[in-house]
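In what follows, a structure is listed as structure tokens, so that the remarks can point back to it.
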Amino acid sequence: MKTIEGRLFATRAELSERAGYKGDATLRALWADREDNGHPPARRIDRALYWDLEEWERWFSGYQRQRSRVDYSGNPDEELPPAGQAKVLGVDVSAISHYRDNPPPGWPAPVRTEELESGRVREYRTRRQLWEYAAAGPRAGTAGRKPAGEPDPKVDLAAKALAAAPARKAGEVAAALAERYGGGLSTWKAAVTEARKQTGVADPRVEVAARALAARPGRKVYEVAADLAEQHGWSVKTWKQILAEARKRG
């Protein structure tokens, strides 16, 4: 970190560590989507990007609260049994039971316990404890993942990359995304695959071929295939097969 005019500034790697992420792919995706999510601006120092730590943490806390399934209503000092704790955090009650034996980092100690007739012990925690736990960082099993129903920024980035270069191989697109935003190649391959599913395009080369046919209605298939092979790679024979598939769909 660097101190500038009395304020702390942190790199993306340092912010990722404070947020509890193993890598910086999630924060790279959030930065890429800054026009929509309100991500704070960066300052470039010695070829590296830095963010005002206090400003960023304030934004990130609000972003997590907005995106999470945490219920912030009710009396903060109310003592809740496991079922109530699960409802506040938006998780299954089985997760709360699992936390007893394998507590995630930051999981609060119960404010009191109650011994049941069966001999088991019921643990109570307050809403305030649960809110503080949720605000401290990604909850167990959720680091780097979006809540159900929320778009994954990596899939959105993959969809944009596919749209910009529809004839490019999936592995090449994933490699380019990994190089630009960080993260594992396998993660980006999965994002590219999901993006293709969501757009409904099994093979984007078919769409490229269809556009080529529409643009060159009087040319022979072999000539169109040769042009496509020169522009995008793959063999002329492969493009002839793709052009035949495009004609069937058209």
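Start at 1 with the first residue, then count along the sequence.
The closest donor-acceptor contact from the side chain of E79 to the backbone of R127 lies at 3.5 Å or more, if one exists at all. Checked by atom type and distance alone, the side chain of E17 never pairs as donor or acceptor with a backbone atom of E14 at under 3.5 Å. The backbone N or O of L80 sits less than 3.5 Å from a side-chain atom of Q85, completing a donor-acceptor pair. With hydrogens and angles disregarded, no donor-acceptor distance shorter than 3.5 Å links the side chain of Q129 to the backbone of P76.
Under the 4.5 Å side-chain heavy-atom criterion for grouping Ile, Leu, Val, Met, Phe, Trp and Tyr, L130 is connected to Y99 within one hydrophobic cluster. Taking hydrophobic clusters as Ile, Leu, Val, Met, Phe, Trp and Tyr residues chained together by side-chain heavy-atom distances below 4.5 Å, L49 shares a cluster with M1.
Pairing each heavy atom of V236 with each of A226, the nearest pair is CG2-CA, 4.0 Å. Scanning all heavy atoms of the two residues, the minimum distance from V224 to A212 falls at CG1-CB, 3.8 Å.
To the nearest 0.5 angstrom, R7 atom CZ is 10.0 Å from R43 atom CZ. The line from OG1 of T11 to CG of D46 is 12.5 Å long, rounded to the nearest 0.5 Å. Note that CG of L15 is 6.5 Å distant from CH2 of W51, once rounded to the nearest 0.5 Å. Here the CZ atom belonging to F9 is positioned 6.5 Å from the CD1 atom belonging to I45, to the nearest 0.5 angstrom. For the atom pair CD of E55 and CD of E57, the computed distance is 11.5 Å after rounding to the nearest 0.5 Å.
By the 4.0 Å N-to-carboxylate-O rule, D71 lies too far from K87 to be salt-bridged with it. For R219 and D227, the salt-bridge test passes: some basic side-chain N is under 4.0 Å from an acidic carboxylate O.
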Next on the checklist: Between V121 and R100, is the side chain to side chain contact (heavy atoms under 4.5 Å, CB included) condition met? List the steps.
Outcome noted: CA-CA 10 Å; V121 175; R100 287 195 58 183; 4.0 Å; yes

Checklist entry - Which is it for T113 and R122 under the side chain to side chain contact (heavy atoms under 4.5 Å, CB included) test, yes or no, and what are the steps along the way? => result CA-CA 6 Å; T113 59; R122 178 179 293 158; over 6 Å; no

Item to check | side chain to side chain contact (heavy atoms under 4.5 Å, CB included) between T126 and N75, worked out | outcome: CA-CA 9 Å; T126 66; N75 181 353; over 6 Å; no

Item to check | Criterion side chain to side chain contact (heavy atoms under 4.5 Å, CB included) on I96 and E123, from CA distance to verdict | outcome: CA-CA 10 Å; I96 305 299; E123 297 180 344; over 6 Å; no

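Residues F60 and L30 meet the side-chain proximity criterion, which asks for heavy atoms closer than 4.5 Å. Side-chain contact check for E114 versus L116: some heavy-atom pair is nearer than 4.5 Å. Side chains of L8 and K2 form no contact here, defined as non-hydrogen atoms less than 4.5 Å apart.
A cation-pi arrangement, defined by a distance under 6.0 Å to the six-membered ring centre and an angle within 45 degrees of its axis, is present between R34 and W31. A cation-pi contact, defined as under 6.0 Å to the ring centre and within 45° of the axis, is absent between R44 and Y50.
Taking the six-membered ring for Trp and thresholds of 30 and 60 degrees, W56 and W59 have ring planes inclined between 30 and 60 degrees apart.
Crowding of R120 atom CZ: a count of heavy atoms from other residues, nucleotides or ligands under 6.0 Å not exceeding 12.
Residues W107 and Y133 place their aromatic rings such that the two centres sit under 6.0 Å apart.
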